[in-house]
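Below is one structure, written out as structure tokens; the observations come after it.
This one's a predicted model, so the numbers in the text were calculated from it and none came from an experiment.
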Amino acid sequence: MNLLKKFPAFLFASILAFGFVACESDDVDDMVTADKDKTLTEYISGDSDFSTLSSALERTGLDAVLNDEDADFTLFAPNNAAFTRLGVDLATLSDDDLKDILMYHVIMDDQIRGNDLVFENRYYESASTAGVNGTNLSIMLDREDDQLMVNGIVAVSSTPNDFKNGVIYELNDVLSLPTVADIAINDENLSSLETALTDATGDLVNLLSGTTVYTVFAPINDAFEDDEETLATLNAEQLANILSYHVVAGNVVSDDLEDDQVVATLTGEEITIDIDLGIVRIQDAEGNKTLVNIRDIQTTNGVVHIIDDILMPSEF
């Protein structure tokens with residue numbers, strides 16, 4: 001399992017449904033391949049390109065789950081080439097570890113149709129409960145040049161195959177279970193954060209890829225652009241101090257936050273939670289407040305909340 005986690009977070013993850021909006025497509029059904037007579041399991045088991053996936057589903061008992069005609073699934077299905085590219089002998093994985101990986105490729109109780117989404121908020125809840133304390137891992141869906149992207153991986157087709165109990169998107173890669181660091185690596189809106197984590201002292205990328213559980217308040221790219229002049233004057237140690245001010249020990253989800261709650265960060269300095277009419281903001285040491293615009297992106301070693309501005313400690 002550890003071997004799989006070293007791969008970039010190409011793997012699926014979970015419906016954090018902060019909303020999705022209909023796209024400009026007039027009639028997506030005209031673009032969908034339909035076979036309403038088959039369940040997802042029946043299709044996968046009958047297609048030789050998915051023989052490895054079919055065997056893995058049978059081994060873990062998930063073939064029965066995806067054969068439920070009364071359910072509704074979205075399956076991101078790795079083909080045989082994807083498992084070959086992964087380079088891991090599935091026989092070396094426990095049944096539970098393999099099941100976690102496979103379920104990360106499934107979104108339950110909703111059909112995600114690539115042409116229906118603008119992906120304003122792109123994180124969804126997967127069926128895998130490999131997150132901290134058995135929480136469902138998050139998965140990122142996005143669009144680039146009219147192509148559906150799953151954790152940064154391009155789907156073979158942006159239009160799904162439609163079946164009796166759900167839809168299938170084919171993938172040429174197996175998704176890895178994401179760490180906190182993987183969220184910054186795979187989300188193009190956090191690319192400046194990824195660069196900063198690499199430039200700072202303390203090997204922060206490895207820190208946030210490890211087994212210790214952290215909560216990260218992750219500033220978007222615009223935040224780094226807004227503070228570009230200040231950040232340009234910092235050395236690598238000062239940059240590390242600012243980034244560590246965005247990190248809290250433990251898996252702190254939004255339901256754990258309370259108005260006026262004071263939270264200690266890795267620097268020892270504190271941030272203050274401000275909640276008004278359900279809107280969550282974070283106040284830094286300078287008294288500035290920033291909006292939490294995407295909450296509860298769950299990973300194997302913590303949770304990420306995306307914020308609009310950089311939090312500034314009193315000293316850096």
Side-chain angles (χ1 to χ4, degrees), residues 1 3-14 31-68 71-93 95 97-108 111-115 124 126-128 130 137 139-178 182 186:
M1 191 62 189
L3 182 58
L4 281 169
K5 289 182 181 178
K6 291 180 181 178
F7 285 79
F10 296 176
L11 310 189
F12 291 82
S14 305
M31 305 175 67
V32 171
T33 301
D35 192 342
K36 292 292 189 178
D37 294 331
K38 293 182 179 180
T39 65
L40 301 189
T41 294
E42 288 170 342
Y43 173 74
I44 292 295
S45 63
D47 190 324
S48 60
D49 287 338
F50 294 108
S51 59
T52 303
L53 175 60
S54 180
S55 296
L57 292 173
E58 290 178 11
R59 172 183 157 189
T60 56
L62 294 178
D63 57 332
V65 174
L66 297 180
N67 202 43
D68 184 355
D72 200 9
F73 304 102
T74 296
L75 172 63
F76 300 97
N79 54 32
N80 293 342
F83 284 100
T84 299
R85 187 174 293 110
L86 183 64
V88 174
D89 184 356
L90 300 186
T92 64
L93 302 177
D95 288 352
D97 285 346
L98 180 57
K99 184 174 181 179
D100 282 336
I101 294 167
L102 296 175
M103 291 300 282
Y104 188 56
H105 294 71
V106 177
I107 293 175
M108 302 181 70
Q111 293 192 9
I112 307 300
R113 301 179 183 276
N115 294 310
Y124 295 82
S126 76
S128 176
L137 291 174
I139 187 170
M140 185 182 72
L141 305 182
D142 209 341
R143 182 183 296 283
E144 182 177 301
D145 297 329
D146 293 327
Q147 292 180 307
L148 176 63
M149 309 285 291
V150 186
N151 283 2
I153 291 178
V154 179
V156 173
S157 174
S158 293
T159 55
N161 292 313
D162 199 3
F163 300 97
K164 185 183 294 186
N165 63 342
V167 298
I168 292 177
Y169 294 90
E170 182 178 352
L171 295 182
N172 281 326
D173 290 279
V174 177
L175 298 177
S176 301
L177 305 187
D182 289 328
N186 290 326

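For the side chain to side chain contact (heavy atoms under 4.5 Å, CB included) test, residues two or more places apart in sequence or in another chain that qualify with Ser54 are Ile44, Ser45, Glu58. Looking at residues two or more places apart in sequence or on another chain, you find no side chain to side chain contact (heavy atoms under 4.5 Å, CB included) involving Ser48. Residues passing the side-chain hydrogen bond (donor to acceptor under 3.5 Å, both in side chains) test with Thr52, sequence neighbours excluded: Asn80. Take Ser157 and apply the side-chain hydrogen bond (donor to acceptor under 3.5 Å, both in side chains) test, not counting sequence neighbours, and it matches Thr159. With sequence neighbours excluded, the residues satisfying side chain to side chain contact (heavy atoms under 4.5 Å, CB included) with Asp37 are Asp35. A search for salt bridge (Lys or Arg N to Asp or Glu O under 4.0 Å) contacts involving Asp95 returns Arg59, not counting sequence neighbours. Tyr43 is linked by a ring-ring contact (aromatic ring centres under 6.0 Å, His included) to Phe163, counting only residues two or more places apart in sequence or in another chain. Partners of Asn172 under the side-chain hydrogen bond (donor to acceptor under 3.5 Å, both in side chains) rule, at least two apart in sequence or in another chain, are Asn79.
Within the structure, ring pair (Phe, Tyr, Trp, His ring centres under 6.0 Å) pairs that include any residue of residues 140-161 do not occur (at least two apart or interchain). Judged as a ring pair (Phe, Tyr, Trp, His ring centres under 6.0 Å), not a single pair has a partner in residues 143-162 (not counting sequence neighbours). Sorted by first and then second residue, the salt bridge (Lys or Arg N to Asp or Glu O under 4.0 Å) pairs involving residues 41-52 (not counting sequence neighbours) form an empty list.
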CA sep, side-chain torsions, deciding dist, call: Leu102, Leu53, side chain to side chain contact (heavy atoms under 4.5 Å, CB included): CA-CA 9 Å; Leu102 296 175; Leu53 175 60; 3.8 Å; yes
Side chain to side chain contact (heavy atoms under 4.5 Å, CB included) between Leu93 and Ile101, intermediate numbers included: CA-CA 10 Å; Leu93 302 177; Ile101 294 167; 3.9 Å; yes
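Using a 4.5 Å heavy-atom threshold, the side chains of Val65 and Val106 count as separate. In this structure the side chain of Thr39 never reaches within 4.5 angstrom of the side chain of Leu66, judged on heavy atoms. Side-chain contact between Leu141 and Tyr169: absent, with no pair of heavy atoms (C-beta onward) separated by less than 4.5 Å.
Residues Ala130 and Leu177 come closest through the heavy atom pair CB-CD1, 4.0 Å.
Distance alone, capped at 3.5 Å, is enough to place a donor-acceptor pair between the Asn165 side chain and the Asp68 backbone.
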